[in-house]
Amino acid sequence: MPKSPRCAFPWTSIWLASLAALMVQSVLSSSSSSSAYQRTATDGKRPGFMERTLVLLDVNTRSPIRVLNDNFLSLQLDPSIIKDGWLDFLSSKRLVTLARGLAPAFLRFGGKRTDFLQFNNQKNLAKFRGPGPDYYLKNYEDGMSAKAVFCSLSCVEKAASTQLVLLKEQLSNIYTRSLDKLYNFADCAGLHLIFGLNALHRNPDNSWNTSSTLSLLKYSAGKKYNISWELGNEPNAYRSMVGRAVNSTQLAQDYAKLRTLLQSVRYYHRAQLYGPNVGRPRKNAILLLDAYFMDGRVKKAEDFLKTRLFDTLTEQMMKVTQLVNTHTPGKKVWLGGLGPAWTGGINNLSDTYAAGFLWVNTLGMAAVQGIDVVLRHSFFDYGYTHLVDQHFNPLPDYWFSLVFKHLVGPRVLQVRVAGLQRKPQPGRVIRDKLRIYAHCTSYSNHNYVRGSITIYIINLHRSRKKIKLAGTLRNKTVHQYLLQPYGTEGLRARYVQLNGEKLVMSDNETFPELKPKTLRAGRTIAMPPTSIGFYVIKNINAYACRR
């Protein structure tokens with residue numbers, strides 16, 4: 001029997017909200033507790049310089065406001081990597097190392113091509129290889145090797161045994177050994193695979209055809225693959241894609257049928273089943289999530305500093321959580337397919353340092369709203385919205401994710417902030433360009449004892465901002481992890497520096513050391529313009545973080 005992933009929930013207690021991107025729809029003032037700031041009373045007098053620049057920060061250390069999944073920051077791979085030939089490269093030890101850096105996490109294999117793939121356990125395997133996206137890997141020594149090292153000898157053998165049949169699967173919608181490649185990658189990287197099944201394989205009466213799924217389940221059970229399952233991708237968009245609709249009643253029946261199938265295969269009778277997920281909103285859709293982080297108005301890196309992009313998602317998440325709580329109290333909401341741009345992204349924009357503001361703020365907002373898991377689209381693939389590029393080099397969002405995973409735990413804390421951020425102007429909404437979030441420090445980070453707190457701050461201002469720790473945080477020693485662009489390109493930089501040191505892989509298996517800078521007790525935090533900082537309060541012994 002496969003082991004259930006920690007903190008996982010069956011489909012009856014999970015709503016997987018599929019979010020391909022976020023469209024700019026509205027302008028909101030920052031009103032959430034984590035990012036809204038109160039102006040200090042001035043008795044009618046214009047505040048002085050210090051009052052305009054100094055922010056007082058405190059955190060409620062008594063109890064968390066949310067407790068999220070341990071796999072809160074998770075990953076997604078789109079099934080298009082089978083068709084496009086990129087799945088072949090999951091045997092790269094460098095790619096496995098980069099994925100392992102973000103573990104523990106879920107790996108959702110799902111996206112637009114989910115409902116166009118069929119599983120067939122073929123007996124006669126292809127005896128040839130064909131061309132793949134070699135252009136991107138011609139200078140990378142182990143990218144195409146059938147003997148590429150995974151995390152153990154068994155992984156090497158599994159990787160080599162699947163290399164010869166991948167091209168044939170790329171040229172059709174039928175996959176067999178692609179599943180082996182995918183599972184071996186996830187297993188060696190310490191990720192728990194959630195596999196999206198084809199819901200468009202229908203019978204003439206429009207009922208779901210289970211033949212391919214049953215074959216897949218039996219094959220996976222025979223291999224003892226510990227997999228969780230999902231059915232379909234954005235079924236409310238089927239009519240626009242293929243001219244066929246699947247209504248909510250039919251989808252519920254399909255999920256019940258899939259649960260019966262899982263119970264009929266002994267190895268999966270207690271496997272986790274997630275979903276359904278919904279993208280574009282329709283009148284009868286409960287999960288009203290669809291939009292784009294970026295639209296035609298985002299044409300330069302500076303546009304990522306616009307707070308209207310940040311505030312749209314807050315309203316969407318509030319609508320969804322309210323609806324879920326109304327209809328099915330206690331169900332968890334996930335954000336899937338999340339990226340800084342729609343489709344493949346924009347070169348020299350969505351793969352730069354500037355996009356990190358949106359990504360880190362999304363993690364903070366989602367945590368405050370109680371979103372249980374955020375699935376980043378995509379970990380690796382062709383395009384510019386990913387964490388790892390086609391040359392297997394980490395993009396800026398990867399380094400932000402790595403530091404987040406290293407320091408931020410699932411317990412979310414209430415932030416208390418005071419200080420005037422901007423002079424009020426009649427007729428204009430005062431949007432906050434200083435975003436502050438707080439969590440208990442990750443228990444898996446053995447450099448810090450339980451009771452430590454991690455605060456992460458996003459400074460969208462073009463000027464330095466001073467933050468003074470107050471209340472329970474006063475006079476505590478702080479470890480600073482300050483992230484800024486590396487090089488002369490500024491917001492368009494493709495490299496990130498941590499406390500002045502460029503972040504780069506030492507080799508295919510070695511991460512750079514994430515070394516903090518110690519700030520003496522009582523020192524004011526000075527946030528440089530357009531920077532992101534993580535600050536660990538290491539000796540606070542917070543009650544909310546000790547349990």
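In this text, all values refer to a predicted model and were calculated from it rather than measured experimentally.
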Inset, instruction - Please tell me if the side chains of F511 and M505 come closer than 4.5 Å, counting only heavy atoms from C-beta onward. - result: yes

Inset, instruction - Answer yes when K112 and D78 have at least one side-chain N-carboxylate O distance shorter than 4.0 Å, and no when they do not. - result: no

Legend entry - Contact summary for L498 and L483, nearest pair of heavy atoms: CD1-CD2, 3.9 Å

Legend entry - Nearest heavy-atom neighbours spanning K468 and G522: NZ-O, 2.8 Å

Inset, instruction - Measure the spacing between CG of L54 and OG1 of T524 and express it to the nearest 0.5 Å. - result: 6.0 Å

Inset, instruction - Taking all heavy atoms of P64 and all of L413, pick out the closest pair and write down the distance. - result: CA-CD2, 3.9 Å

Legend entry - K502 NZ: over 12 foreign heavy atoms closer than 6.0 Å: yes

Legend entry - Side-chain heavy-atom pair C545, T441 within 4.5 angstrom cut-off: no

Legend entry - Minimum heavy-atom distance between P79 and G111, given as atom pair plus value: CD-N, 3.5 Å

Legend entry - Min side-chain heavy-atom separation T530-P485 under 4.5 Å: no

Legend entry - Positive for ring-ring contact (aromatic ring centres under 6.0 Å, His included) with F534, one of Y437, Y456, Y448: Y456

Legend entry - Side-chain touch V536/P516, heavy atoms, less than 4.5 angstrom: no

Inset, instruction - Assign the ring pair F185 / F379 to parallel, tilted or perpendicular, where the plane angle (0 to 90°) is split at 30° and 60°. - result: tilted

Inset, instruction - Could you grab the distance from atom NZ of K476 to atom OG of S452, nearest 0.5 Å is fine? - result: 11.0 Å

Legend entry - Sidechain-backbone polar pair: D70 side chain, P104 backbone, donor-acceptor under 3.5 Å: no

Legend entry - Intermediate values then yes/no, side-chain contact (heavy atoms from CB on, under 4.5 Å), L387 and L102: CA-CA 11 Å; L387 297 182; L102 301 180; 3.8 Å; yes

Legend entry - Backbone N/O of L375 and side chain of S74: donor-acceptor pair under 3.5 Å: no

Inset, instruction - For the pair K405 (side chain) and G101 (backbone), establish whether a donor and an acceptor sit closer than 3.5 Å, ignoring hydrogens and angles. - result: no

Inset, instruction - Measure across L107 and A186 and return the closest heavy-atom pair with its distance rounded to 0.1 Å. - result: CD2-CB, 3.9 Å

Inset, instruction - Supply the atom-to-atom distance R546 CZ to N541 CG, rounded to the nearest 0.5 angstrom. - result: 4.5 Å

Inset, instruction - Mind telling me whether Y486 and Y495 have parallel, tilted or perpendicular rings, with 30° and 60° as the class edges? - result: perpendicular

Inset, instruction - Measure the spacing between CD of E509 and CZ of R94 and express it to the nearest 0.5 Å. - result: 11.0 Å

Inset, instruction - Output the distance between atom CD (E230) and atom CD1 (I194), rounded to the nearest 0.5 Å. - result: 7.5 Å

Legend entry - Non-hydrogen side-chain atoms of W399 and P512 separated by less than 4.5 Å: yes

Legend entry - Trace of the side-chain contact (heavy atoms from CB on, under 4.5 Å) decision for D389 with R494: CA-CA 11 Å; D389 71 10; R494 288 173 58 87; 3.4 Å; yes

Legend entry - Value rounded to 0.5 Å, distance of CZ in F357 from CG in D397: 11.0 Å

Legend entry - pair F89-I81: side-chain heavy atoms closer than 4.5 Å: no

Inset, instruction - Of all the heavy-atom pairs spanning P396 and Y353, show the shortest one and how long it is. - result: CG-N, 3.6 Å

Legend entry - Main-chain N/O of G110 paired to Q76 side chain as donor or acceptor, under 3.5 Å: yes

Inset, instruction - For residues L482 and M527, determine if any side-chain heavy atom of one lies less than 4.5 Å from a side-chain heavy atom of the other. - result: yes

Inset, instruction - Decide yes or no for N459 and P528: does some side-chain heavy atom of the first lie under 4.5 Å from some side-chain heavy atom of the second? - result: no

Inset, instruction - Would you check if there is a donor-acceptor pair between the side chains of N393 and Y398 at a distance under 3.5 Å? - result: no

Inset, instruction - Any chance you could lay out the side-chain contact (heavy atoms from CB on, under 4.5 Å) test for R520 and T477, step after step, and finish with the verdict? - result: CA-CA 5 Å; R520 70 177 184 272; T477 300; over 6 Å; no

Inset, instruction - Check the pair H439 / V412 against side-chain contact (heavy atoms from CB on, under 4.5 Å), numbers first and verdict last. - result: CA-CA 4 Å; H439 293 235; V412 187; 3.6 Å; yes

Inset, instruction - Answer yes if the side chains of D180 and Y225 hold a donor-acceptor pair under 3.5 Å, and no otherwise. - result: yes

Legend entry - Lys/Arg-Asp/Glu bridge criterion (N-O < 4.0 Å) met for E501, K515: no

Inset, instruction - Could you check D58 against T472 for side-chain hydrogen bond (donor to acceptor under 3.5 Å, both in side chains), going step by step and ending with a plain yes or no? - result: CA-CA 7 Å; D58 192 12; T472 56; 2.8 Å; yes

Inset, instruction - Report yes or no: do S442 and N445 form a side-chain donor-acceptor pair below 3.5 Å? - result: no

